[in-house]
Amino acid sequence: MKIYDTLSREKKEFIPLEGRRVKLFVCGPTVYDYSHIGHARTYVFFDTMASYLRYRGYHVFYLQNITDIDDKIINRGRNEGRDPLDISMEYTIRYFEDMASLRIDSVNIYAPATYYMDRIIDQILRLEKMGFAYETEDGVYFNVLMFKDYGKLSHQSLDTIRAGARVEVNENKRHPADFALWKKRKEGEPYWESPWGDGRPGWHIEDTAITEYYFGPQYDIHGGGSDLIFPHHECEIAQMESVSGKKPMVNYWMHTGLLTIKQERMGKSMGNVINIRDILEKFEPELLRFFLLSSHYRSPVDFSYEKMEEIRQSWEKIVIAFRKISKMEKESNGRFINEIRRFKGMLIDSMDDDFNTPEAISSIQAFVNFVNKNMEEMGGEDIIESIKFFNEIDSIFKIIPPERVAEEKIIDILLKVRQMAREKKMYDISDYIREKLRENNINIEDIQEGQIWYKK
RNA sequence: GGGUAGGUGGCAGAGUGGCGAUGCGCGAGACUGCAGAUCUCGUUUAUUGGGGUUCGAUUCCCCACCUACCCUCCA
């Protein structure tokens, strides 16, 4: 299996640090608003990836943080006159709801930053004692000049970072690229006690504190959106590799391409943010997953409702083939087993090559065509093998909706048919319906106004 | 200005130093009581432009143009 690593800029053979165990960390959201389609892109991909690794026999420990204290949360609280921690609590719940509706279930632990304050403070303290950090009147900062590898992930040098900086210069910082580990309390802000007085953590420190706690100083994969490469992941490397003295912090840096809306970047300022729950009002979650997985995770995806409609046909073809073959019953025979397994091999080859989901999907489509063409000739073993493969596909990609049996609707339809039959005095049909339903504990009674039914 | 990904048919979207996947769409047939699903065939010069390396490039190198992202919070 090969994985593309942002740091080395090449596909590398995937070799976990400890046998079949995989330690995977993915940067979670800052919870100050509903999750949007961009979050869906990233988290659907890593969910699929984790599921696939497990399918291939790896034991994946998938850890994700949740940034529940941060400037944006505080600002939102200020604007709404609410406690910032109340806001982050609410949107953490909304986030979980959105992830569940996208059928994302592969994360082992969600770690909100505020639950790990002692770990965060401990790591800052060690950085300070080792001379990598210094205290000013407004906080504690990481001294980037102490870490000569700073910029290695984003392939930039400190000089160019300085040249391009449009940030207002903080007088207290020794170097413009120095970043906050701890921010001292300001009036009206949430705070925690620390050796530097009351305050709150900087943005980057929670991730390394949390991963150090669960994984130790080195682990296998760190993922996130490509907008996090600089400065966020750069800063994480600086913190972790400085405090542990061990390199590299992770062996595989994975970054998802960003999502645009009609070729424009999505953002609050553009006014084009689409929330996950908005889309799911109009489209099945499985269709959204199919759409997102139709592009390779490192490529940008352009989203529009029109495109969702356009791919609907391709998606339904897969779903329908699965539904139909699930209903097939045939005598024992298995003349297509090898061919069915060949499609499975194609899918594995694609996924083993840096999780090439578009190519994997094309092998699913080839398999669907094969099934459609040969369904009539298939034997029992062929059917079972096909269903098995479909189930495996769905356990990884989750693009097939669970069959929702609309029981009440179907009973209503049967009652209507029974009524039509009775009106035409075709009592053999109407009685057949009543008897068969009764056998399934559904009882019909004729009353003055028509029919009623109840379950025993 | 610096950094990073890319630019493939009507659309989406892979791959490869040497017949350019796959799906959708479109056209024509088949099947069919109706509907739906499905199948078959077709869709003529699809690899941004210009150089270079090579027997041969869409694939490698250089230049240009274009797109997105990062350099400020951002999945």
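Lettering follows sequence order; numbering is per chain, from 1. These numbers come from a predicted model, not from an experiment.
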**Study point:** Atom pair distance, as rounded to whole Å: CG in D302(A) and C1' in A68(B)
**Key:** 10 Å
Check your understanding: Any chance CD of E408(A) has more than 12 other-residue heavy atoms, nucleotides or ligands included, within less than 6.0 Å?
Key -> no
Exercise for review: With heavy atoms under 4.0 Å as the rule, sort G38(A) into base, sugar-phosphate or nothing.
Suggested key: base
**Study point:** Of T256(A), D354(A), T6(A), the residue whose pairing with R298(A) passes side-chain hydrogen bond (donor to acceptor under 3.5 Å, both in side chains)
**Key:** D354(A)
Would you mind writing out the side-chain donor-acceptor pairs for residues 411-421 of chain A within the sub-3.5 Å range, not counting sequence neighbours?
residue, atom, partner, partner atom, Å
R418(A), NE, S430(A), O, 3.3
R418(A), NH1, D446(A), OD1, 3.0
R418(A), NH1, Q451(A), OE1, 2.6
R418(A), NH2, D446(A), OD2, 2.9
Q419(A), NE2, E423(A), OE2, 3.2

**Study point:** Electrostatic pair R289(A)-D394(A), nearest N-O below 4.0 angstrom
**Key:** no
Point to revise | Salt bridge D352(A)-R56(A), side-chain N to carboxylate O under 4.0 Å | key: yes
Review point. Can you check the D349(A) CG to U22(B) P distance for me, whole Å?
Key: 17 Å
Exercise for review: Give one of base, sugar-phosphate or nothing for S350(A), where a contact means two heavy atoms less than 4.0 Å apart.
Suggested key: nothing
Review point. OP1 or OP2 of C39(B) less than 4.0 angstrom from a side-chain nitrogen or oxygen of N372(A), does that happen here?
Key: yes
Review point. How would you label the contact of D70(A) with the nucleic acid (heavy atoms, under 4.0 Å): base, sugar-phosphate, or nothing?
Key: nothing
Practice item. Would you mind classifying the nucleic acid contact of F291(A) as base, sugar-phosphate or nothing, using non-hydrogen atoms under 4.0 angstrom? Key: nothing
Review point. Think K307(A) has a side-chain N or O under 4.0 angstrom from the OP1 or OP2 of C24(B)?
Key: no
Check your understanding: Does Q156(A) get its side chain close enough to the base of G2(B), under 3.5 Å, for a donor-acceptor pair?
Key -> yes
Exercise for review: Tell me what L259(A) touches on the nucleic acid: a base, only sugar-phosphate, or nothing, going by heavy atoms under 4.0 Å.
Suggested key: base
Review point. Checking all strands, does S226(A) fall into the base, sugar-phosphate, or nothing category for heavy-atom contacts under 4.0 angstrom?
Key: nothing
**Study point:** Inter-nucleotide P distance (U45(B), A21(B)), Å rounded
**Key:** 14 Å
Point to revise | D198(A) and R185(A) ion-paired at < 4.0 Å | key: yes
Check your understanding: Taking only N and O in the side chain of S362(A), is any of them less than 4.0 Å away from OP1 or OP2 of G23(B)?
Key -> no
Check your understanding: Quick one: do R312(A) and E284(A) make a salt bridge, cutoff under 4.0 Å?
Key -> yes
Practice item. Please determine which of F215(A), Y219(A), F25(A) meets the ring pair (Phe, Tyr, Trp, His ring centres under 6.0 Å) test together with F61(A). Key: F215(A)
Review point. If you look at every strand shown and take non-hydrogen atoms under 4.0 Å, does T30(A) touch a base, only sugar-phosphate, or nothing?
Key: sugar-phosphate
Check your understanding: How is G223(A) classified with respect to the nucleic acid when contacts are heavy atoms under 4.0 Å: base, sugar-phosphate, or nothing?
Key -> nothing
**Study point:** Separation of atom CD in E376(A) from atom P in A37(B), rounded to whole Å
**Key:** 16 Å
**Study point:** Nearest-Å distance for atom pair NZ/C1', residues K373(A) and U40(B)
**Key:** 8 Å
Review point. Closest to the P231(A) side chain: C39(B), C71(B), A68(B)?
Key: C71(B)
Point to revise | Length of the CG-C1' vector between D353(A) and U16(B), whole Å | key: 12 Å
Exercise for review: Would you indicate what H36(A) reaches in the nucleic acid, counting non-hydrogen atoms under 4.0 angstrom: base, sugar-phosphate, or nothing?
Suggested key: base
Review point. Checking all strands, does L258(A) fall into the base, sugar-phosphate, or nothing category for heavy-atom contacts under 4.0 angstrom?
Key: base
Practice item. May I ask you to say what Q263(A) touches in the nucleic acid, namely base, sugar-phosphate or nothing, with a heavy-atom cut-off under 4.0 Å? Key: sugar-phosphate
Practice item. Under 4.0 Å between any heavy atoms, over every strand shown, what does D71(A) touch: base, sugar-phosphate, or nothing? Just pick one. Key: nothing
Exercise for review: Check every strand shown and say whether P29(A) touches a base, only sugar-phosphate, or nothing at a heavy-atom separation below 4.0 Å.
Suggested key: sugar-phosphate
Practice item. Could you measure between the two C1' atoms, the one in A12(B) and the one in G25(B), and give it in whole Å? Key: 11 Å
**Study point:** Nucleotide of A5(B), A37(B), G23(B) approaching R9(A) most closely (side-chain heavy atoms)
**Key:** A5(B)
**Study point:** Ranges pairing with ranges for RNA chain B, where each run has three or more Watson-Crick or G-U pairs under 3.5 Å
**Key:** B:1-7 with B:65-71, B:10-12 with B:22-24, B:25-30 with B:38-43, B:48-52 with B:60-64
Exercise for review: Return the 5'-most residue of the pair P358(A), H155(A) with respect to RNA chain B, ranking by each residue's nearest nucleotide.
Suggested key: H155(A)
Revision key, fill the gap. When S294(A) and W315(A) are each assigned the nearest nucleotide of RNA chain B, the 5'-most assignment goes to S294(A)
Exercise for review: Run the salt-bridge test on E403(A) and K327(A) with the 4.0 Å N-O cut-off and return the result as yes or no.
Suggested key: yes
Point to revise | Whole-Å distance separating the CE atom of M328(A) from the P atom of U38(B) | key: 14 Å
Check your understanding: Between I364(A) (CD1) and A21(B) (C1'), how many Å, whole number?
Key -> 15 Å
